[in-house]
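If you're wondering where the values come from, they're calculated on a predicted model, not measured in any experiment. Only this structure's heavy atoms are used, side chains among them; waters, hydrogens and symmetry mates stay out.
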Amino acid sequence: MDKERLQYFKEKLLKMREELIDKLQKKYAEAIDIGKGDGLDSADEAYRIYNRNLMLGRVETDALKLRLVEEALKRIENGTYGVCISCEEEIEEKRLEYVPFARYCTECKSELEKKGLIRM
């Protein structure tokens, strides 16, 4: 991958990281607010707990995505960005455009998903 494309993906990943951090802070604060409630009956309390757990699940997903973005930025720095960590073949730019933090080429990702070894 040439330096210009690498810089393009680095900027895209940095923007994604910034957005994810902002989103995580907001979702976490919202989950904490949902956790507050005095004098609720048992149905309201159950609904509040359900909503808080749902929100925390979204926080977990975004936190995983943030970790993958951070790893992709490290791969840019060490010169391995755009290379599948499984087969060591280049990841298609079309895939990187859609998922700039991709660790696997399409083929390897499909195989690992079939085996239930990866989630994202």
Side-chain angles (χ1 to χ4, degrees):
M1 182 179 300
D2 66 29
K3 286 187 179 194
E4 189 176 304
R5 291 299 291 163
L6 208 52
Q7 184 61 35
Y8 165 78
F9 284 114
K10 182 177 182 176
E11 289 171 11
K12 189 171 185 151
L13 286 161
L14 288 170
K15 183 178 181 199
M16 188 178 277
R17 178 176 69 178
E18 188 179 305
E19 290 170 355
L20 283 166
I21 289 170
D22 185 53
K23 191 189 281 188
L24 278 166
Q25 290 171 338
K26 288 177 183 173
K27 284 183 181 177
Y28 187 73
E30 193 176 327
I32 296 299
D33 283 346
I34 290 172
K36 297 175 184 172
D38 296 326
L40 299 175
D41 65 23
S42 59
D44 288 337
E45 179 71 12
Y47 184 70
R48 182 187 59 77
I49 290 169
Y50 170 79
N51 281 332
R52 188 182 77 208
N53 288 341
L54 189 64
M55 183 63 67
L56 289 174
R58 291 182 186 141
V59 166
E60 184 180 342
T61 299
D62 285 342
L64 172 60
K65 195 181 284 186
L66 178 60
R67 185 179 59 101
L68 293 173
V69 167
E70 294 286 354
E71 289 174 4
L73 288 165
K74 286 179 186 171
R75 287 194 302 277
I76 286 174
E77 295 305 314
N78 69 26
T80 60
Y81 181 77
V83 176
C84 177
I85 64 172
S86 182
C87 71
E88 298 182 358
E89 295 293 324
E90 281 198 28
I91 299 171
E92 307 84 4
E93 274 200 46
K94 189 169 138 181
R95 174 160 166 66
L96 290 171
E97 189 65 49
Y98 182 69
V99 184
F101 52 83
R103 301 174 291 169
Y104 301 101
C105 66
T106 307
E107 232 174 85
C108 289
K109 183 176 187 297
S110 293
E111 284 302 312
L112 291 166
E113 283 178 334
K114 285 178 192 173
K115 295 175 184 177
L117 297 175
I118 61 169
R119 196 179 98 157
M120 195 179 268

Exercise. So, do Lys109 and Arg95 sit near enough that their side-chain heavy atoms are less than 4.5 Å apart?
Worked result: yes
Seminar exercise, completed: Taken to the nearest 0.5 Å, the spacing of Leu68 CG from Arg75 CZ works out to 8.0 Å
Exercise. Under 4.5 Å between side-chain heavy atoms, hopping through other hydrophobics if needed: is there a path connecting Val83 to Ile118?
Worked result: no
Seminar exercise, completed: Heavy-atom closest pair (Leu73 atom, Leu14 atom, distance to 0.1 Å) is CD1-CD2, 3.9 Å
For this session: Over all heavy atoms of both residues, which pair between Leu13 and Ala72 is shortest? Give the atoms and the distance, please.
Result: CD1-CB, 3.7 Å
Problem set entry | Interatomic distance, Lys10 atom NZ to Ile76 atom CD1 [nearest 0.5 angstrom] | 7.0 Å
Exercise. Quick one: CG on Leu117 to CD on Glu111, what's the gap to the nearest 0.5 Å?
Worked result: 10.5 Å
For this session: With sequence neighbours left out, write down each residue that passes salt bridge (Lys or Arg N to Asp or Glu O under 4.0 Å) with Glu71, or none if nothing qualifies.
Result: Arg67
Problem set entry | All pairs passing ring pair (Phe, Tyr, Trp, His ring centres under 6.0 Å) where residues 57-87 contributes a residue, at least two apart | Phe9-Tyr81
Exercise. Distance from Leu96 atom CG to Tyr8 atom OH, nearest 0.5 Å?
Worked result: 10.5 Å
Problem set entry | CZ on Arg103 to CG on Leu112, rounded to 0.5 Å | 9.0 Å
Exercise. Is there side-chain contact between Glu107 and Cys87, with at least one heavy-atom pair below 4.5 Å?
Worked result: no
Exercise. Checking salt bridge (Lys or Arg N to Asp or Glu O under 4.0 Å) against Lys12, which of Glu97, Glu19, Glu18 comes through?
Worked result: Glu97
For this session: Apply side chain to side chain contact (heavy atoms under 4.5 Å, CB included) to Tyr104 and Ile85, showing your working.
Result: CA-CA 6 Å; Tyr104 301 101; Ile85 64 172; 3.4 Å; yes
Seminar exercise, completed: For Ser86, the side chain to side chain donor-acceptor pair (under 3.5 Å) test, sequence neighbours excluded, returns none
For this session: Inspect the contact between Glu11 and Lys15 and indicate whether a charged nitrogen and a carboxylate oxygen are less than 4.0 angstrom apart.
Result: no
Exercise. To the nearest 0.5 Å, how far apart are CG in Asp2 and CD in Gln7?
Worked result: 11.0 Å
For this session: Using a strict cut-off of less than 4.0 Å between a Lys/Arg side-chain nitrogen and an Asp/Glu carboxylate oxygen, indicate whether Asp22 and Lys26 qualify as a salt bridge.
Result: yes
